[in-house]
Every structure is written in structure tokens, then in C-alpha cells.
Amino acid sequence: MMRFDVITLFPALFDALLDFGITGRAMDRGLFSFKAWNPRDFATDNYRTVDDRPYGGGPGMVMLAEPLDAAMDAIEAELKQAGAASHVIYFTPRGRPLDHPKVIELASRPALTLIAGRYEGVDERFLRRRVDEEISLGDFVLSGGEIPALAVMDAVIRQLPGSLNNAESALQESFVDGLLDAPCYTRPEVYRGEAVPDVLLSGNHKAIERWRLAQRLKQTAEIRPDLLDKREMNPAEMDLLDEETRRAWAARKGY
Ligand code: 9WO
């Protein structure tokens, strides 16, 4: 069973993940365990202080290293009992961007320790000593690392064997090959004047698969050409692109 330990000032934020949907079901199935650790419980002064003013001045407060180290010591003591080594992640915009291969790598580990920062950040000396890697979800700033921690847990838990049923597994294969998803439609056939593309009602499964791949290639070329840079396109795939998208793609590649 995979184990998640999360250091957070707001453990209640993680209830949603454990109670609902695919991740809630994976919890019920015993695919992972979860424990939240509140640095406040490891503060030793009467006020249970977890933050202090930044050296060098400036607005806001910084998380103290001491309560975080004490929480980490407690986690590592439990992991040692269980015979597992911890892999420690801090969430910050300065981290390495998360992608699917990283999610797969994280899902192969027996235990992850996730640290969610608050205020203006965490004392750098704690990060240098105890964090194995810093991960970013994108170039934006949040009020805390909890939502990135939840996002990583969600992405990792769906990769655990037994987490998805067959239909769900088939669905998620799309991003794995480096292309964006095809658009999807459900009833009614005409919605507010807009019809479902004919091919999807044709019953011609070969034609439907060809259309879906063409849509995925077109959308990826237009919206996320950087994804195609890593992947390249074979001639059959190029043939599926419309003239305009093919020309735009060729220009980008300098053909
Ligand atoms: C904020 C920040 C901003 C610019 C460059 C580097 C930075 N590091 C941090 C930081 O570590 N902030 C702490 C965690 C404390 C304040 C809330 N935190 C946070 C993490 N805000 N936004 C994130 C985050 C994490 C991963 N992906 C996107 C945003």
C-alpha cells in the first residue's frame, strides 16, 4: 500500500480527496494510506508559533524550520518502522514542472512526503536539508502548497494498480501518447442549434478513430505545439492534418 504523509497547517483541506470520487474509492480499496501532520502540533512554545518575520525585511511571514523539522522527524520515525524510505517534495513555482512521466515515476515509490508551504514561504535552510525535489504546477502563485499536493495525490492515486476500472483506464490512455484529448459529445444530437459531428453517428469505427486522431493532432498543433516538438509526427499523421494546420506546422518546424 502506497503511503502519503503531508505536512500542512490545514489538514481539513485533504478531506475532499479522501471522501469523494476515484480517489475516495481507492482509499476504501486500501490502495494508499494518508496521514496529515500539522507543524503547529510540533511547535514547542506556549503560543505554538509556526512562523516569524523575514530576515532582510519585507511583507508577510516565513514558516519556521524547527516545527517542520520536528514533523519530518516524526514522519521518518514512522517510515523507518514500516521499512520504507521517504521521498520528500515541496511545492513551489520555482520547482520543476509536473508532467505525466513524473507522475508515473512518483506512483512507483512506496511513500511520498508532501510539504505544503503557507505565508511567504519556508526557511530555505529546511528546504535545502530535507527536500528531495521541488515541483511546480505552473507559472502562477497560490496561497499555499495544499492544492498542488492534492493535485499530485490525485494524479498519482489514479495510476495505482486497481484504482481505475476498465472504462476509466481506456480513457486516460490519451495523454500518455503525448497528444491532447479529442472533443467529446453526448445527447442530444442537436444542442442549441449545434449538431454532433456526423462521423460520430455513422457507426463506422475506423472512420471515428481516424477523425478522433485527426482532431487530437490538430488541437495539439494549434494549442500545444510544444507537446508535438517532443514527439514528432509520422507521415500518416501528417496526412490527417488539414492543409492550413499542416502548413502552420511545417513553418514552425522550418520545413
Ligand atoms: C512562491 C513563489 C513565487 C515566485 C517564485 C518562487 C516562489 N516560491 C513560493 C513559495 O514557495 N511559496 C510558498 C508555497 C508559500 C506561499 C504559498 N505557496 C505556493 C506554492 N504558492 N504557489 C505555489 C505553487 C506551487 C506549485 N505550483 C504552482 C504554485
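Note that this is a predicted model, so its numbers are computed, not measured. Each ligand, and each atom within it, is numbered from 1 in the order the structure gives.
Under the 3.5 Å distance criterion, with hydrogens and angles disregarded, a donor-acceptor pair is assigned to the side chains of Asp242 and Thr245. A donor atom on one side chain and an acceptor atom on the other are found under 3.5 Å apart for Glu146 and Thr8.
Ligand 1 is surrounded by Tyr90, Phe91, Thr92, Pro93, Gly117, Arg118, Tyr119, Glu120, Gly121, Ile135, Ser136, Leu137, Gly138, Phe140, Val141, Leu142, Ser143, Gly144, Pro148, each with at least one heavy atom closer than 4.0 Å.
Other residues, nucleotides and ligands contribute more than 12 heavy atoms inside 6.0 Å of the CZ atom of Arg128. Heavy atoms of other residues, nucleotides or ligands lying less than 6.0 angstrom from NZ of Lys80 number 12 at most.
Judged purely by atom type and a 3.5 angstrom limit, Ser33 has no side-chain atom pairing as donor or acceptor with the backbone of Arg3.
Sorted by first and then second residue, the ring pair (Phe, Tyr, Trp, His ring centres under 6.0 Å) pairs with a member in residues 20-43 read Phe4-Phe32, Phe14-Phe34; sequence neighbours excluded.
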